[in-house]
There are 2 protein chains.
Amino acid sequence: MKAENKHSKIISAATKVFAKKGFFTARISDIAKEAKVADGTIYLYFNNKYDILLSVFEEEVGKIVENTEKLLSLEDDPRKQLEIFAIQHLLAMKKNRHLAEVIQIELRQTHKIIKEYRDNNFSNYTGIIAEIIRNGQKSGIYRSDIKPDLAKRAFFGALDEISRVWNASLETNYSVKEIATQILSIFLAGIQVDPSNLPE
Amino acid sequence: MKAENKHSKIISAATKVFAKKGFFTARISDIAKEAKVADGTIYLYFNNKYDILLSVFEEEVGKIVENTEKLLSLEDDPRKQLEIFAIQHLLAMKKNRHLAEVIQIELRQTHKIIKEYRDNNFSNYTGIIAEIIRNGQKSGIYRSDIKPDLAKRAFFGALDEISRVWNASLETNYSVKEIATQILSIFLAGIQVDPSNLPE
DNA sequence: ATTACAAGAATGAATGGTCATTCATGTTTT
DNA sequence: AAAACATGAATGACCATTCATTCTTGTAAT
């Protein structure tokens with residue numbers, strides 16, 4: 001079996017196991033079993049357990065950020081951009097529930113290194129929202145009294161909490177479309193200068 | 001020293017230590033040291049490490065819920081009620097950063113029991129928001145197309161994410177007042193039938 | 001085409017360190 | 001002098017990590 005293949009097999013096994021049991025409760029042997037390799041094999045590809053966690057972020061989360069930024073660059077209406085962000089985030093979280101759980105739960109551990117990692121990456125990610133809002137303010141679409149730094153958190157927090165509950169509960173599911181529509185209808189009405197304006 | 005005293009000394013030591021190191025990384029001996037008791041003493045008051053975590057929730061979180069519900073019962077304008085919820089939540093999280101971290105980080109661990117606990121408590125807590133929104137819809141103040149179940153999460157998520165960042169970063173702090181005002185100005189404009197209506 | 005050999009990959013049992021928990025003993029309170 | 005409370009060293013379970021060994025693959029000589 002090719003090396004690259006095994007590397008990614010371990011990553012996705014780890015994502016699954018971390019999501020299910022949590023980083024600390026997950027055993028290397030669980031991951032090995034899930035990936036159908038021997039315990040020792042994992043150490044041919046990763047330095048230690050913690051390194052596996054970081055790799056999960058780097059590889060999986062990076063993809064999401066990249067993808068979102070690409071899509072955003074094709075659109076310049078700040079209202080549409082907010083919509084794109086919301087939909088992409090929700091889709092990404094829905095598509096890979098294991099990853100979503102790992103991000104939402106494990107990324108919140110208070111470890112210094114994770115914290116730094118998160119600061120370097122998720123604050124980039126949520127920074128995208130702040131940027132969209134600033135642009136919208138410049139072009140007079142969004143209210144100038146809105147503080148982008150607070151609004152970005154409110155918006156991200158709203159999306160994050162909603163997708164968190166997907167994983168944690170058995171409640172009735174709304175579709176991504178429905179959710180995005182609701183959230184946007186609240187936020188756009190909430191931050192626009194003239195809420196009756198719809199994009200396009 | 002009286003027993004009750006020691007019990008709560010351990011609770012608050014545990015809150016502090018869990019917040020700082022995370023549940024799994026925290027050692028019983030850390031908690032014992034922080035509480036200035038012997039390791040073994042902890043087992044006179046709690047069954048095991050996990051039991052300490054649950055007790056932290058039951059005792060500390062219960063207070064917040066109770067307090068919020070009391071304040072809400074004195075007010076029946078749904079717009080004011082939302083404001084009260086926001087301010088109380090932010091104040092509670094700000095007042096006890098250790099507790100806030102424990103709630104936000106540890107409560108998200110995927111353990112079955114915690115999950116059930118959370119379902120029984122936090123869904124009550126966020127349920128308060130949904131209830132406020134439903135009432136507001138009945139009295140024609142909030143838009144009837146808003147889904148209370150989604151809006152409650154959006155609102156809670158916004159508050160939660162903002163207070164989470166208090167703990168996780170060194171960024172410029174806004175005051176509780178400022179934050180509550182911003183969030184409410186977004187959400188009230190976002191969900192009201194006629195956003196130009198202000199309460200009172 | 002077959003055999004021989006080496007290098008890399010994979011294995012999983014054994015190791016060692018880290019705590020949660022216990023309990024024999026000591027101390028304080030009534 | 002009981003009873004209740006408190007102590008902290010000792011125990012033992014757990015699991016990340018290691019490493020001696022086995023397996024696989026590719027190359028080259030015959």
Side-chain angles (χ1 to χ4, degrees), chain A residues 1-59 102 105-107 109-114 117, chain B residues 1-59 102 105-107 109-114 117:
Chain A
M1 175 177 288
K2 269 175 301 182
E4 200 35 62
N5 200 342
K6 202 153 276 192
H7 177 97
S8 59
K9 254 177 83 172
I10 294 170
I11 289 271
S12 83
T15 307
K16 205 161 173 180
V17 174
F18 286 156
K20 186 168 174 198
K21 311 188 78 164
F23 176 73
F24 292 101
T25 309
R27 276 162 297 191
I28 291 292
S29 58
D30 295 330
I31 298 172
K33 200 172 167 191
E34 179 72 38
K36 298 201 176 92
V37 299
D39 294 15
T41 305
I42 289 180
Y43 290 87
L44 299 176
Y45 296 90
F46 301 92
N47 297 326
N48 50 47
K49 191 182 176 186
Y50 191 65
D51 187 36
I52 305 174
L53 183 60
L54 287 188
S55 300
V56 166
F57 296 142
E58 270 168 32
E59 310 201 4
V102 172
I105 295 169
E106 300 310 330
L107 208 50
Q109 289 298 339
T110 319
H111 265 287
K112 273 287 173 304
I113 309 172
I114 290 189
Y117 180 85
Chain B
M1 175 177 288
K2 271 176 299 183
E4 199 38 60
N5 201 342
K6 201 154 278 193
H7 177 97
S8 59
K9 252 177 84 172
I10 294 171
I11 290 268
S12 84
T15 306
K16 206 161 172 179
V17 174
F18 285 156
K20 186 168 174 200
K21 312 189 75 166
F23 176 72
F24 291 101
T25 309
R27 276 162 298 191
I28 291 293
S29 58
D30 295 330
I31 298 172
K33 201 172 168 190
E34 179 72 37
K36 297 199 177 95
V37 297
D39 294 16
T41 305
I42 288 180
Y43 289 87
L44 299 175
Y45 296 91
F46 301 92
N47 297 325
N48 50 49
K49 192 183 175 184
Y50 191 65
D51 187 37
I52 305 174
L53 182 61
L54 287 188
S55 301
V56 166
F57 296 142
E58 270 168 31
E59 310 200 4
V102 172
I105 295 168
E106 299 309 330
L107 208 49
Q109 288 299 340
T110 319
H111 265 287
K112 272 286 173 308
I113 311 172
I114 290 189
Y117 180 87

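Computed from a prediction, not measured in an experiment: that's the story for all the values here. A, B, ... follow the sequence lines: proteins, then strands. Residue 1 opens every chain. Side-chain atoms are counted along with the backbone in the values below, which use heavy atoms only and exclude waters and symmetry mates.
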Novice: Roughly how many Å is it from OH in A:Y45 to C1' in D:dA16, rounded to a whole number?
Specialist: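 Nearest whole value for this atom pair: 19 Å.
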Novice: Between D:dT7 atom C1' and B:L44 atom CG, what is the distance in whole Å?
Specialist: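 After rounding, the reported distance stands at 9 Å.
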Novice: Could you tell me how far apart A:K36 (NZ) and C:dA10 (P) are, to the nearest whole angstrom?
Specialist: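 My rounded result for the distance is 16 Å.
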Novice: Measure the distance from CZ on A:R27 to P on C:dG12 and round it to the nearest whole Å.
Specialist: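 So the CZ-P distance, A:R27 to C:dG12, works out to 17 Å.
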Novice: Ignoring backbone atoms, test whether B:Y43 places a side-chain nitrogen or oxygen under 4.0 Å from the OP1 or OP2 oxygen of D:dA6.
Specialist: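 For D:dA6, neither OP1 nor OP2 has a side-chain N or O of B:Y43 closer than 4.0 Å.
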Novice: Between atom CZ in A:F46 and atom P in D:dA16, what is the gap in whole Å?
Specialist: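 That distance rounds to 15 Å.
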Novice: Check every atom of C:dT11, C:dT21, D:dT7 against the side chain of B:T41 and return the nucleotide holding the closest atom.
Specialist: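 The closest nucleotide is D:dT7.
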Novice: What is the distance from CD1 of A:I52 to C1' of D:dC15, rounded to the nearest Å?
Specialist: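 One finds 13 Å between C1' of D:dC15 and CD1 of A:I52, rounded.
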Novice: Rounded to the nearest 0.5 Å, how far apart are NZ of A:K16 and CD1 of A:I31?
Specialist: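 The NZ atom of A:K16 sits 13.0 Å away from the CD1 atom of A:I31.
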Novice: Among D:dA16, D:dG8, C:dG12, find the nucleotide with the atom closest to the side chain of A:K49.
Specialist: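 Closest nucleotide to the A:K49 side chain: D:dA16.
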Novice: Test the B:K49-B:F23 pair against the cation-pi criterion, namely NZ or CZ under 6.0 angstrom from the six-membered ring centroid and within 45° of the ring axis.
Specialist: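 Yes, B:K49 sits over the ring of B:F23.
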Novice: With the side chain counted from C-beta on, respond yes when A:K20 and A:E34 share a heavy-atom pair under 4.5 Å apart, and no when they do not.
Specialist: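 The answer is no; the side chains never approach within 4.5 Å.
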Novice: Using whole Å, report how far CD1 of A:I28 lies from P of C:dA14.
Specialist: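 Whole-Å distance recorded here is 20 Å.
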Novice: Expressed in angstrom and rounded to an integer, what is the separation of A:N48 atom CG from D:dC15 atom P?
Specialist: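 Going from A:N48 (CG) to D:dC15 (P), I get 17 Å.
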Novice: Side chains of A:I52 and A:Y45: closer than 4.5 Å at any heavy-atom pair?
Specialist: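 When only atoms from C-beta onward are counted, A:Y45 and A:I52 do not touch, as no gap falls below 4.5 Å.
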Novice: Consider the side chain of B:K6, meaning its heavy atoms from C-beta on, and name the nucleotide among D:dT7, D:dA6, D:dT17 that approaches it most closely.
Specialist: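 When the side chain of B:K6 is considered, D:dA6 is the closest of D:dT7, D:dA6, D:dT17.
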